[in-house]
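Just so it is clear: chains get the letters A, B, ... in the order the sequence lines come, proteins before strands, and each one is counted from 1. Only this structure's heavy atoms are used, side chains among them; waters, hydrogens and symmetry mates stay out.
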2 protein chains.
Amino acid sequence: MSPAIEGLAPSAVEPLFVALGDSTRRSIFFSLMEREQSIKELASPLGITLTGLGQHIRVLEAAQLVSSRKVGRERRCAVDPAGLERLEAFARLQRSLWRSRFDALRHIVEGP
Amino acid sequence: MSPAIEGLAPSAVEPLFVALGDSTRRSIFFSLMEREQSIKELASPLGITLTGLGQHIRVLEAAQLVSSRKVGRERRCAVDPAGLERLEAFARLQRSLWRSRFDALRHIVEGP
DNA sequence: TAGAAAGTGAAGTCTGCACTTGACTATCAT
DNA sequence: ATGATAGTCAAGTGCAGACTTCACTTTCTA
């Protein structure tokens, strides 16, 4: 597989869609787009427990949408650009694949 | 909201992530990337009922990832480029938003 | 025109996973 | 040092949603 499509096989974007398939995780992600935040800061407005939020963070990290590090007793969470980059690359690739097939089909139907 | 970002608010991409958040629907979508297919053709390899598959198609259509039309007694399903276009535009927008905020932050920390 | 094939709608089943509880550790403040 | 704050782990609960069944309609074909 060429370097350009590496990491773009369906299996590579699966964690991304799994992560953003949940509305709570989407909220967390969009909230982190605003600014870096701790587990507590993220959990409060959503009305869920710290435990529950920690579980979501792990899923988001697996998709490389979020990265986190411990600072003192807090866990600082921030957007990881890798996930968004992969998502964009995936969408662009699929779109171009579809377009080339569509054009090929039209070519057959309409003639050259 | 400017025309360029219209349809890219979080609420607009929600159906997209909901649709692709399910592994069966991802399979259906990738299968349709290969070629247009009927409900029956899509259901057989997945080992699920026609009813079940029809339900998935509705979700994919709501996300504009798939479009379908009745041809005789068959329903022909195909990829709708609108969904992929929206997905790509969304990812690009979010990525640029994140980058501008990241750069602004670095500017503060490191100085001009 | 009878039977088969493709699909749809309503209603039910069941399982994955979002979320909690309770017990525990680590860090901060006073 | 003592309490308060932030987070983590293991284990359990409940429900949304994926999937089924059954009854029905429409279209094809022999």
Identify, residue by residue, the members of residues 19-32 of chain B with a heavy atom below 4.0 Å from DNA chain D, and return them in order of residue number, or none.
Asp22(B), Thr24(B), Arg25(B)
Determine to 10° how strongly the helix from dT1(C)-dA30(D) to dT30(C)-dA1(D) is bent, judged from the axes of its five-pair ends.
30°
Criterion side-chain contact (heavy atoms from CB on, under 4.5 Å) against Leu65(A), the qualifying member of Leu20(A), Leu32(A), Asp80(A)
Leu20(A)
Specify whether Phe17(A) and Phe17(B) have parallel, tilted or perpendicular ring planes, treating 30° as the upper limit for parallel and 60° as the lower limit for perpendicular.
tilted
Among residues 37-56 of chain A, which residues get a heavy atom nearer than 4.0 Å to DNA chain C?
Gly47(A), Ile48(A), Thr49(A), Thr51(A), Gly52(A), Gln55(A), His56(A)
Members of residues 58-74 of chain A that approach DNA chain C, where some heavy atom sits under 4.0 Å away:
Gly72(A), Arg73(A)
I'd like to check Arg101(B) versus Val79(A) (side-chain heavy atoms, cut-off strictly below 4.5 Å). Are they in contact?
no
Side chains of Ile28(A) and Val66(A) in contact at under 4.5 Å (non-hydrogen atoms):
no
Checking Glu61(A), Glu36(A), Arg58(A) against Ser68(A) for side-chain hydrogen bond (donor to acceptor under 3.5 Å, both in side chains), the one that qualifies is Glu61(A)
Take Arg99(B) and Glu85(A) through the salt bridge (Lys or Arg N to Asp or Glu O under 4.0 Å) test and state the conclusion after the steps.
CA-CA 11 Å; Arg99(B) 173 145 282 286; Glu85(A) 280 163 16; 5.9 Å; no
After noting the C-alpha distance and the side-chain angles of Thr51(B) and Gln55(B), does the key distance pass the side-chain contact (heavy atoms from CB on, under 4.5 Å) rule?
CA-CA 6 Å; Thr51(B) 303; Gln55(B) 288 165 353; 3.9 Å; yes
Quick one: how far along DNA chain D does chain B reach, first to last nucleotide 5' to 3', anything under 4.0 Å to a heavy atom?
dA18(D) to dC28(D)
Indicate yes or no for a side-chain donor-acceptor contact from Arg25(A) to the backbone of Ala19(A) under 3.5 Å, with no hydrogens or angles considered.
yes
Keeping the roles fixed (side chain from Gln37(B), backbone from Ser31(B)), state whether a donor-acceptor pair exists under 3.5 Å.
yes
Name the first nucleotide and the last nucleotide along DNA chain C (5' to 3') that come under 4.0 Å of a heavy atom in chain A.
dA18(C) to dC28(C)
Can Arg76(B) and Glu41(B) be counted as an ion pair, charged N to O under 4.0 angstrom?
yes
